[in-house]
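The block underneath contains the structure these notes are about, expressed in structure tokens.
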Amino acid sequence: VQLQASGGGLVQAGGSLRLSCAASGRSFSSYPMGWFRQAPGKEREFVAAISRSGGRKRYYGDSVQGRFTISRDSAKNTVYLQMNSLKPEDTAVYYCAATGRLYYSDYAPPDSSEYDYWGQGTLVTVSS
């Protein structure tokens, strides 16, 4: 199983980026997927999570609520993170993650320990 994240880069404050994470090796349509980030010298932080395909729940960290949107395309086995109104404090390595555990339909865990598969990370740098 592999998760391949892409879309990171350098952007000015107030700008937007869209991250993608393509999964291969198995289908994750029945499982939640999420995004986490880690800034230098800080712990990994929950960014967003989305319930399995067919569910409707999306969860966001407090610091990104209202600015970031998570979505998924089950046919492509891909999860996305649209990031708008970016701030310098959003600078971090962003990791996508998928869990192999089943949850009731509209739940996606915010705890990184509940995710079993991780992408390699993609760097987002927001300049002021």
Side-chain angles (χ1 to χ4, degrees):
V1 175
Q2 277 195 322
L3 300 180
Q4 182 69 43
S6 62
L10 174 64
V11 64
Q12 287 190 330
S16 298
L17 279 176
R18 187 194 195 206
L19 305 183
S20 300
C21 176
S24 59
R26 66 173 286 180
S27 171
F28 286 102
S29 62
S30 298
Y31 303 92
M33 299 185 74
W35 288 93
F36 294 79
R37 68 186 182 186
Q38 189 164 19
K42 294 187 177 181
E43 294 186 351
R44 189 166 294 190
E45 176 189 15
F46 169 71
V47 175
I50 187 167
S51 59
R52 67 177 186 171
S53 179
R56 293 178 175 82
K57 290 292 284 187
R58 303 172 186 185
Y59 302 81
Y60 297 95
D62 290 343
S63 61
V64 306
Q65 181 76 44
R67 299 187 297 122
F68 291 10
T69 301
I70 188 172
S71 61
R72 68 189 300 167
D73 183 335
S74 293
K76 296 182 179 179
N77 215 18
T78 299
V79 64
Y80 304 95
L81 185 69
Q82 177 67 42
M83 305 185 295
N84 297 329
S85 301
L86 282 161
K87 304 175 181 180
E89 51 263 45
D90 293 318
T91 295
V93 177
Y94 284 71
Y95 299 90
C96 60
T99 177
R101 312 173 200 193
L102 293 174
Y103 296 86
Y104 61 88
S105 63
D106 279 353
Y107 181 68
D111 188 342
S112 62
S113 67
E114 298 194 51
Y115 289 84
D116 305 296
Y117 306 96
W118 291 84
Q120 84 288 1
T122 185
L123 177 62
V124 172
T125 303
V126 184
S127 63
S128 57

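Keep in mind that what you see is a predicted model, and the values were worked out from it rather than measured.
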Smallest separation among heavy atoms of [X] and [Y], with atom names:
X: Pro110; Y: Phe36; result: O-CE2, 3.4 Å
X: Ala48; Y: Leu81; result: CB-CD1, 4.1 Å
X: Ala92; Y: Ala39; result: CB-N, 3.8 Å
X: Tyr115; Y: Gly34; result: CE2-N, 3.8 Å

Tyr59 and Phe46: aromatic ring centres closer than 6.0 Å?
no
Point-to-point distance, once rounded to the nearest 0.5 Å, from [atom1] of [X] to [atom2] of [Y]:
X: Ser24; Y: Asn77; atom1: OG; atom2: CG; value: 8.0 Å
X: Glu114; Y: Tyr107; atom1: CD; atom2: OH; value: 5.0 Å
X: Asp106; Y: Ile50; atom1: CG; atom2: CD1; value: 10.5 Å

Run the numbers on Arg37 and Ser63 for side-chain contact (heavy atoms from CB on, under 4.5 Å), then give the verdict.
CA-CA 12 Å; Arg37 68 186 182 186; Ser63 61; 3.1 Å; yes
Could you tabulate the donor-acceptor pairs under 3.5 Å formed by side-chain atoms of residues 4-22, not counting sequence neighbours?
residue, atom, partner, partner atom, Å
Ser16, OG, Asn84, OD1, 2.9

Are Met33 and Tyr80 joined in one hydrophobic group, where the rule is that I, L, V, M, F, W and Y side chains link up if heavy atoms are under 4.5 Å apart?
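Per the 4.5 Å side-chain linkage, Met33 and Tyr80 are not co-clustered.
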ILVMFWY cluster, Val126 and Trp35 together (side-chain gap under 4.5 Å)
yes
Evaluate Trp118 against Val1 for side-chain contact (heavy atoms from CB on, under 4.5 Å), listing each step before the verdict.
CA-CA 9 Å; Trp118 291 84; Val1 175; over 6 Å; no
Is the shortest side-chain heavy-atom distance between [X] and [Y] below 4.5 Å?
X: Val79; Y: Phe28; value: no
X: Pro109; Y: Arg101; value: no
X: Met83; Y: Asp90; value: no

Partner residues of Thr69 under the side-chain contact (heavy atoms from CB on, under 4.5 Å) criterion, sequence neighbours left out:
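With sequence neighbours excluded, Thr69 shows a side-chain contact (heavy atoms from CB on, under 4.5 Å) to Arg58, Tyr60, Gln82, given in chain and number order.
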Are more than 12 heavy atoms, taken from residues, nucleotides or ligands other than Asp62, located less than 6.0 Å from that residue's CG atom?
no
Look at atom CD of Gln2 and say whether more than 12 heavy atoms of other residues, nucleotides or ligands are closer to it than 6.0 Å.
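Result for CD/Gln2: open.
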Tell me whether the guanidinium CZ or amine NZ of Arg26 lies under 6.0 angstrom from the six-membered ring centre of Tyr31 and within 45° of its axis.
yes
